[in-house]
Amino acid sequence: TASTTTLTVMVAYAVGTHQFATTASFSDLINNPNDASVHCNFAFPADALNSGAMVAMSVYATTKASVIVDAPLPTGKLGANTFYNFSFTNADTKSAITSFDKPITLTFFYSDSDISGIDENTMVPYRWDGTSWSALTGYTVDTAANKVTLSTQNFSTFALLGAAPD
């Protein structure tokens with residue numbers, strides 16, 4: 001009897017791993033090596049976790065095509081070509097950390113080619129919650145600098161979504 005196995009391959013532009021104490025501030029970025037202007041800066045304030053736990057972080061920049069197979073975009077929305085996934089574990093207990101006690105600042109830089117076909121004025125940052133994309137609030141879009149900045153306490157996969165120009 002023959003059996004079938006399904007293999008899912010995630011294509012990542014870049015992968016970054018960090019370990020840091022949440023008692024001190026920490027910041028870094030992850031680049032899309034195919035386009036130097038496309039990257040995500042992340043900044044953690046001191047005491048991001050009240051426990052002060054040491055955190056192991058994994059972040060990767062990946063293609064839209066590799067994400068939307070399992071996480072389809074909302075109807076009528078188009079996505080930038082670069083998506084970002086963040087995951088965290090307590091470095092000591094190895095338990096997953098899905099939220100922080102203080103907001104973390106994320107700044108997504110994009111290029112015109114990264115958002116090709118999207119009306120820049122309609123862009124909104126979204127986060128995948130495991131079943132659907134949720135639009136985030138409290139963000140700013142700076143179209144002159146090609147960046148979107150937000151603060152969040154919850155993490156998973158992030159994307160810049162928008163509508164086609166009229």
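Side chains included, hydrogens not; waters and symmetry mates left out as well; all remaining heavy atoms used. Throughout, residue positions are numbered sequentially from 1 according to the sequence presented.
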Donor-acceptor pairs under 3.5 angstrom involving side-chain atoms of residues 92-102: please list them, not counting sequence neighbours.
| residue | atom | partner | partner atom | Å |
| --- | --- | --- | --- | --- |
| Thr93 | OG1 | Ser95 | N | 3.3 |
| Thr93 | OG1 | Ser95 | OG | 2.8 |
| Lys94 | NZ | Ala91 | O | 2.7 |
| Asp101 | OD2 | Asn50 | N | 2.6 |
| Lys102 | NZ | Ala46 | O | 3.2 |

Under 3.5 Å side-chain donor-acceptor pair for Asp129 and Thr131
yes
Sub-4.5 Å side-chain heavy-atom contact between Thr107 and Phe42
no
Flag side-chain contact, heavy atom, 4.5 Å: Thr105 against Thr149
yes
Main-chain N/O of Gly79 paired to Lys64 side chain as donor or acceptor, under 3.5 Å
yes
Considering only distance and modelled atom types, tabulate donor-acceptor pairs under 3.5 Å from the side chains of residues 156-166, sequence neighbours left out.
| residue | atom | partner | partner atom | Å |
| --- | --- | --- | --- | --- |
| Ser156 | OG | Trp128 | O | 2.3 |
| Thr157 | OG1 | Asn85 | ND2 | 2.6 |

Hey, does Leu106 have a side-chain heavy atom less than 4.5 Å from the side chain of Thr152?
yes
Nearest heavy-atom contact between Ala145 and Phe109 is O-CD2, 4.2 Å
Donor-acceptor pair between Ser37 and Asp35 side chains, under 3.5 angstrom:
yes
Check against side-chain contact (heavy atoms from CB on, under 4.5 Å), Asn154 and Arg127
CA-CA 9 Å; Asn154 300 299; Arg127 184 177 63 82; 3.7 Å; yes
Would you mind reporting whether Ser25 and Pro45 have side-chain heavy atoms less than 4.5 Å apart?
no
For Tyr84, give me all partners under ring pair (Phe, Tyr, Trp, His ring centres under 6.0 Å), at least two apart in sequence or on another chain.
Phe108
Do His39 and Asn41 have side chains that approach each other closer than 4.5 Å (heavy atoms only, starting at C-beta)?
yes
Can you tell me how far the CH2 atom of Trp133 sits from the OH atom of Tyr126, to the nearest 0.5 Å?
10.5 Å
Would you say the side-chain atoms of Ser116 and Ser113 include a donor-acceptor pair closer than 3.5 Å?
no
Given the rule in the side-chain contact (heavy atoms from CB on, under 4.5 Å) test, do Met57 and Gln19 qualify, once you have shown the distances and angles that lead to the verdict?
CA-CA 6 Å; Met57 172 180 145; Gln19 187 164 313; over 6 Å; no
Establish, yes or no, whether a centroid distance under 6.0 Å links the rings of Phe44 and Phe88.
yes
How long is the straight-line distance from OG of Ser151 back to CG of Leu136, given to the nearest 0.5 Å?
10.5 Å
When rounded to the nearest 0.5 angstrom, what distance separates CG in Asn146 from CD1 in Ile115?
6.5 Å
Donor-acceptor pair, distance only, cut-off 3.5 Å: does the side chain of Asp114 make one with the backbone of Thr82?
yes
So do Thr22 and Met54 actually touch side chain to side chain, heavy atoms under 4.5 Å?
no
Look only at the side chain of Asp47 and the backbone of Leu49, and say whether a donor-acceptor pair between them is shorter than 3.5 Å.
no
Could you walk me through whether Asp28 and His18 pass the side-chain hydrogen bond (donor to acceptor under 3.5 Å, both in side chains) test, one step at a time?
CA-CA 9 Å; Asp28 203 355; His18 302 281; 3.1 Å; yes
